[in-house]
Amino acid sequence: MVRSSAGAIDLLLEFSMQGEGVLQAGVGFLTPANERNRFGGTVILNVGGTIHQVKWETIDKFPRSRLHKLRYAASEDELIPLCDSFSLLDREFFFDRSPRIFENILGLYRKGELHLPSSVCPKDFVGELEYWGLSALHLGKHRKWK
């Protein structure tokens with residue numbers, strides 16, 4: 001994983017020495033969003049050490065969210081405030097957040113439902129929703145207790 005303070009262009013130049021295929025994987029984050037599907041159509045989200053592979057189109061469901069902003073970031077300056085670190089080579093973004101709560105947030109993206117587990121403090125849950133650029137209004141009328 002590359003620290004977000006490293007220059008994206010420097011990383012691309014470094015990786016270009018290794019061959020064109022490697023360079024293309026890195027370039028995927030700095031290309032227009034409508035062309036990103038050429039580079040696999042998925043992104044790796046590492047949340048607190050838990051790895052999630054997510055389709056870019058899944059992220060499009062919530063246009064003002066942190067992940068949506070990440071998808072459409074056009075420069076390193078736009079990426080740095082959105083995640084804790086990233087690897088252009090691996091198409092992976094790291095977030096030092098609760099992986100347990102993120103499982104439920106990812107469920108909102110995938111299924112359109114958000115459930116508050118009984119084992120999670122509601123205040124912490126709302127704080128995570130705010131971090132990810134989502135709203136507590138997405139909580140379902142019928143909470144599913146796990």
Side-chain angles (χ1 to χ4, degrees), residues 1-12 14-16 18 21-140 143-146:
M1 186 70 61
V2 176
R3 288 292 315 150
S4 56
S5 60
I9 301 303
D10 293 338
L11 293 172
L12 293 175
E14 178 184 337
F15 294 136
S16 69
Q18 299 174 15
V22 176
L23 177 62
Q24 286 181 344
V27 172
F29 287 111
L30 301 177
T31 56
N34 61 349
E35 295 180 22
R36 289 187 182 154
N37 287 339
R38 291 185 340 185
F39 299 100
T42 62
V43 62
I44 306 296
L45 303 175
N46 179 338
V47 181
T50 301
I51 304 296
H52 304 276
Q53 185 170 1
V54 182
K55 291 181 180 181
W56 281 120
E57 61 194 37
T58 300
I59 289 171
D60 282 337
K61 293 178 182 177
F62 295 96
R64 288 182 225 119
S65 70
R66 177 178 294 269
L67 295 178
H68 191 265
K69 291 174 185 175
L70 184 90
R71 177 181 182 175
Y72 290 96
S75 69
E76 179 184 12
D77 288 340
E78 291 180 25
L79 284 175
I80 289 172
L82 297 172
C83 60
D84 292 302
S85 64
F86 58 89
S87 168
L88 296 177
L89 176 63
D90 298 326
R91 296 186 347 252
E92 182 175 337
F93 294 95
F94 174 73
F95 301 89
D96 190 16
R97 307 301 291 190
S98 168
R100 194 173 84 211
I101 294 176
F102 185 72
E103 291 281 340
N104 295 284
I105 290 171
L106 192 54
L108 174 62
Y109 280 92
R110 290 182 169 153
K111 298 182 279 181
E113 299 175 358
L114 183 61
H115 303 287
L116 174 61
S118 61
S119 62
V120 174
C121 169
K123 186 175 179 180
D124 291 344
F125 196 78
V126 170
E128 285 298 299
L129 286 174
E130 289 173 0
Y131 173 82
W132 293 106
L134 300 166
S135 167
L137 297 175
H138 291 110
L139 279 171
R143 293 183 190 160
K144 181 177 179 181
W145 301 102
K146 295 180 181 182

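Along the sequence shown, residues are numbered consecutively beginning with 1.
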Trainee: Output all residues satisfying ring-ring contact (aromatic ring centres under 6.0 Å, His included) with Phe95, sequence neighbours left out; order by chain, then residue number.
Mentor: Trp132

Trainee: Quick one: list whatever passes side chain to side chain donor-acceptor pair (under 3.5 Å) with Glu78, sequence neighbours left out.
Mentor: none

Trainee: Side chains of Ile44 and Asp90, heavy atoms from C-beta outward: is any pair under 4.5 Å?
Mentor: no

Trainee: Looking only at heavy atoms, what is the nearest atom pair of Pro99 and Gly48, with distance?
Mentor: CG-O, 3.9 Å

Trainee: So, taking the atom named NZ in Lys69 and the one named SG in Cys83, what distance separates them when rounded to the nearest 0.5 Å?
Mentor: 13.5 Å

Trainee: Quick one: pull up OH in Tyr131 and OG in Ser98 and give me the separation to the nearest 0.5 Å.
Mentor: 12.0 Å

Trainee: Could you list the residues that satisfy side chain to side chain contact (heavy atoms under 4.5 Å, CB included) with Glu130, not counting sequence neighbours?
Mentor: Val126

Trainee: If you round to the nearest 0.5 Å, how far is OG of Ser65 from CG of Leu129?
Mentor: 11.5 Å

Trainee: Of all heavy-atom pairs between Val47 and His52, which one has the smallest distance, and what is that distance?
Mentor: CG2-CD2, 4.4 Å

Trainee: Using a 4.5 Å cut-off on heavy atoms from C-beta on, say whether the side chain of Leu108 contacts that of Lys61.
Mentor: no

Trainee: In chain order, what residues pass the salt bridge (Lys or Arg N to Asp or Glu O under 4.0 Å) check against Arg66, with sequence neighbours excluded?
Mentor: none

Trainee: Counting N and O atoms only, with roles assigned by atom type, does the side chain of Asn46 sit under 3.5 Å from a partner on the main chain of Phe93, one being a donor and the other an acceptor?
Mentor: no

Trainee: Would you check if Ile105 and Leu134 make a side-chain contact, meaning some heavy-atom pair closer than 4.5 Å?
Mentor: yes

Trainee: Quick one: pull up CG in Leu106 and CD1 in Ile59 and give me the separation to the nearest 0.5 Å.
Mentor: 8.5 Å

Trainee: Given Arg100 and Val120, is the side-chain contact (heavy atoms from CB on, under 4.5 Å) satisfied, shown in steps?
Mentor: CA-CA 9 Å; Arg100 194 173 84 211; Val120 174; 3.6 Å; yes

Trainee: What's the spacing between Ile51 CD1 and Phe94 CZ if we round to 0.5 Å?
Mentor: 9.0 Å

Trainee: Name all residues meeting the salt bridge (Lys or Arg N to Asp or Glu O under 4.0 Å) criterion together with Asp124; count only those two or more places apart in sequence or in a different chain, and write none if there are none.
Mentor: none

Trainee: Output all residues satisfying side chain to side chain contact (heavy atoms under 4.5 Å, CB included) with Thr58, sequence neighbours left out; order by chain, then residue number.
Mentor: Val54, Lys55, Tyr109, Arg110

Trainee: Does Arg97 make a cation-pi contact with Phe102 (under 6.0 Å, within 45 degrees of the axis)?
Mentor: no

Trainee: Go through the steps for Gln53 and Thr42 under the test side-chain hydrogen bond (donor to acceptor under 3.5 Å, both in side chains), then give the verdict.
Mentor: CA-CA 6 Å; Gln53 185 170 1; Thr42 62; 2.9 Å; yes

Trainee: Quick check for you: to the nearest 0.5 Å, what is the distance between Leu82 atom CG and Leu67 atom CG?
Mentor: 9.0 Å

